[in-house]
*Asks:* 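Have a look at this one.
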Amino acid sequence: MTSYFDSSRFLWEHPQAKFTNVENFRRTINRKHGLNLKDYHDLHKYSIEDYTFWKDTWEYLRIKYSVPPQEIIAKGPIPEVPVWFPGARLNYAENLLWRNDDSIAITANNELGNVADHSFRELRLRVQRMASAMRANGLQIGDRVAAVVTNSVDAVTIALATASIGGIFSSTATDMGVQGILDRYRQIQPKLVFFETEVMYAGKVMDLQSKISAVVKDLNDRGLRCTILLPSAISGNEIEMTGVSNTATLSKFLASGNGSELVFEQLPFSQPLYILYSSGTSGPPKCIVHSAGGVLLQTVKDQRLGFDMTENDTLFQYTTTGWMMWTFMLSALATGCRMVLYDGSPFHPSLEGYLKFISDTGVTLWGTSPRFLAEVQGRKLNPLKIGSFEGLRAMSVTGAVVTAPIFKWAHEAFGGKFHLISTSGGTDVCCAFVGGVPSLPLYVGEIQHKCLGMAVQVLDPEGKNVEHSGQPGEMVCTRPHPSIPVKFWGDTADGKKLRETYFSFYPGIWRQGDFMVVNPKTKGIVILGRSDGVLNPSGVRFGSGEIYSVMEKFTSVVDDCICVGQRRPDIDQDERVLLFLKMRPGNKFSTSLEKQIRSSIRSALSPRHVPSHIFEVEDIPYTVNGKKIEIAVKQIVSGSTLKPSGTVANPDALKLYYKYKDIEQIAKASGLKSKL
Ligand SMILES: CC(=O)CC(=O)O
């Protein structure tokens, strides 16, 4: 049997674990309810057995409200998507904008190194002006505000102003193509759209005016009232556009407000706040509606208890505005800490400069991705020669599986004194299912625990819980929690599509679509990949993450790789594993490299894990949010033809895989060796 863990690989523990927020919270609950929860494990058990936990969390996090809830969950049998905290009245933006002083709320930077600080007082004034203009332009509770924006103080302002009114905010990054934007915004029909006019990425200037024309002409016929053109993200100059109706520059739009006070509409807990999108790579994305209360309670819980966040922190989450991590990040304002926003590529003008900025800015909590860390490692950079990173006390890594070698390397490379928080959740819940626990020891390659309130289990295909036997299986969540989406936009009134998406595989139980395993000794978790992408040769089920973990050894020559199962029932009843490699510039794919990879996989995992074929490809397909697109590649090599959606960052990459549906032909032509 494959060993997924090595619990002897202890990596770190908090020097003062008993002073962490989560320990303080545990003691508070013990006192309040006369309980004797001894540690995080007990606390987690309580959190998934008694819904009172969510009221405890509400109180501990000091959620601001004007009307208290009548109960935690509406009375009666609890449905899959319950109504939380009925009767309560609150506002998400009010909970984030409680500070009104001259401390720095936001430090913004971009590829040009234009660093700007914005105080809490300034941010509140910006939101006030924006909300006033939005109201003057007819924005009302429930109206959608869409944005195609960079990660900037304007984006934060627009989102918070929308939330103050009770509108629903939805954003995409500026590199999303016209089709991708329309696939999303045609469905949600925004009343206002904010658009960047000129941006820079990786040193290239992009004029967005033709994109704006194409999008806005289409949306103008679907209820769009005004498009607001943001000043150039490079020069700061305003750009006027002719030939597209109902546009206004930002300054004109703001001038239309009447200077009214900032009013935070008092709304139900389940009031929609955001619309996020599923990363459907071949069909139109699903529009996932998240509630203000659910996002607030879950994200602040994850940050305060999982990240141990306090007012003294400086959070830097590298993200575009199109990823759920942007919405997750925003909630840091509720704790009153500083946020760092970076717009652009981390590799431009230089990776060294980017790392130095993080160190010099005193980032204490850094959110990054395994892909970025692998790139730093692959380039053989020594971060500690670039910056001291002495302020860094936690690094949160998400977006893909964090393999054990990268985990260990990153911890050592950045100084070894911080909490490495590997976390997994997603767009579907706008929070984490599993993540960091500051009061527990950290083991190499393991996500420390299930997050509080999240009743995560590991089920086999028959629905049996296999968690305690250390077997891998489907990640499910067996109890409702407050950030289950309130609905899919455009779904039937009884939420048919939502139910089919999450609650149909195991009737009535949320299936996340991740393949995971729990270490029976430490209770740590390893995510092995997406469950739709589970590899199943000769009945051995494993995740692509296991192969990627072995491939970390080859990062100096192999830039990236993707591993998928191929099913060709016409040729073979079994599934075979294909591994595709993208070589680093200057390195060649060779028979000897192939042999080394096969032998490493055989010895690290098992002979059954060794791919049937290993090929070199020019590119690996990714979503705009930086996730490898295994499912589409799997379908393509298994004989399907796909029409990529706007979610695919590099759609041409998918074309490279069609020829592999006929491997026998390729093998014959090139004399390739096959394991078959
Ligand atoms: C928290 C996450 O898991 C983020 C993601 O889905 O990429």
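Keep in mind the model is a prediction, meaning the values are calculated, not measured. Whatever order the structure lists them in is the order used to number ligands and atoms, beginning at 1. For reference, positions follow the sequence shown, starting with 1.
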*Asks:* Less than 6.0 angstrom from the centroid, inside 45 degrees of the normal: does Arg144 satisfy that with respect to the ring of Tyr185?
*Replies:* no

*Asks:* Need the ligand 1 atom indices (1-based, order shown) with element for anything under 4.0 Å from a heavy-atom of Gly399.
*Replies:*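 Those qualifying, in numeric order: 7 (O).
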
*Asks:* Distance under 4.0 Å to a non-hydrogen atom of Met324: what atoms of ligand 1 satisfy this?
*Replies:*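 Once the distances to Met324 are compared, the set is 4 (C).
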
*Asks:* Return the residue, atom name and 0.1 Å-rounded distance of the protein heavy atom closest to atom 1 (C) of ligand 1.
*Replies:* Thr398 OG1, 3.3 Å

*Asks:* Do Leu160 and Leu330 touch side chain to side chain, with heavy atoms closer than 4.5 Å?
*Replies:*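 Leu160 reaches Leu330 side chain to side chain.
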
*Asks:* Considering only heavy atoms from C-beta outward, does the side chain of Val149 approach that of Asp154 to under 4.5 Å?
*Replies:* no

*Asks:* Looking only at non-hydrogen atoms, find the nearest pair between Thr364 and Asp313 and report the distance.
*Replies:* OG1-OD1, 2.6 Å

*Asks:* Is any side-chain heavy atom of Thr327 less than 4.5 Å from a side-chain heavy atom of Val295?
*Replies:*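 With C-beta onward as the side chain, the pair stays apart.
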
*Asks:* Less than 4.0 Å is my threshold; does some heavy atom of Ser424 fall inside it relative to ligand 1?
*Replies:* yes

*Asks:* List the residues meeting side chain to side chain donor-acceptor pair (under 3.5 Å) with Tyr657, not counting sequence neighbours, and say none if there are none.
*Replies:*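 Per chain and number, Tyr657 pairs via side chain to side chain donor-acceptor pair (under 3.5 Å) with no residue.
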
*Asks:* Quick check: does Gly425 get an N/O under 3.5 Å from an N/O on ligand 1?
*Replies:*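 By distance alone, the answer is yes.
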
*Asks:* Considering Lys627, Gln512, Met325, which one's heavy-atom position lies nearest to atom 5 (C) of ligand 1?
*Replies:* Lys627

*Asks:* Can you find a non-hydrogen atom of Trp323 under 4.0 Å from ligand 1?
*Replies:*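 It does, in that a heavy atom of Trp323 comes within the 4.0 Å cut-off of ligand 1.
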
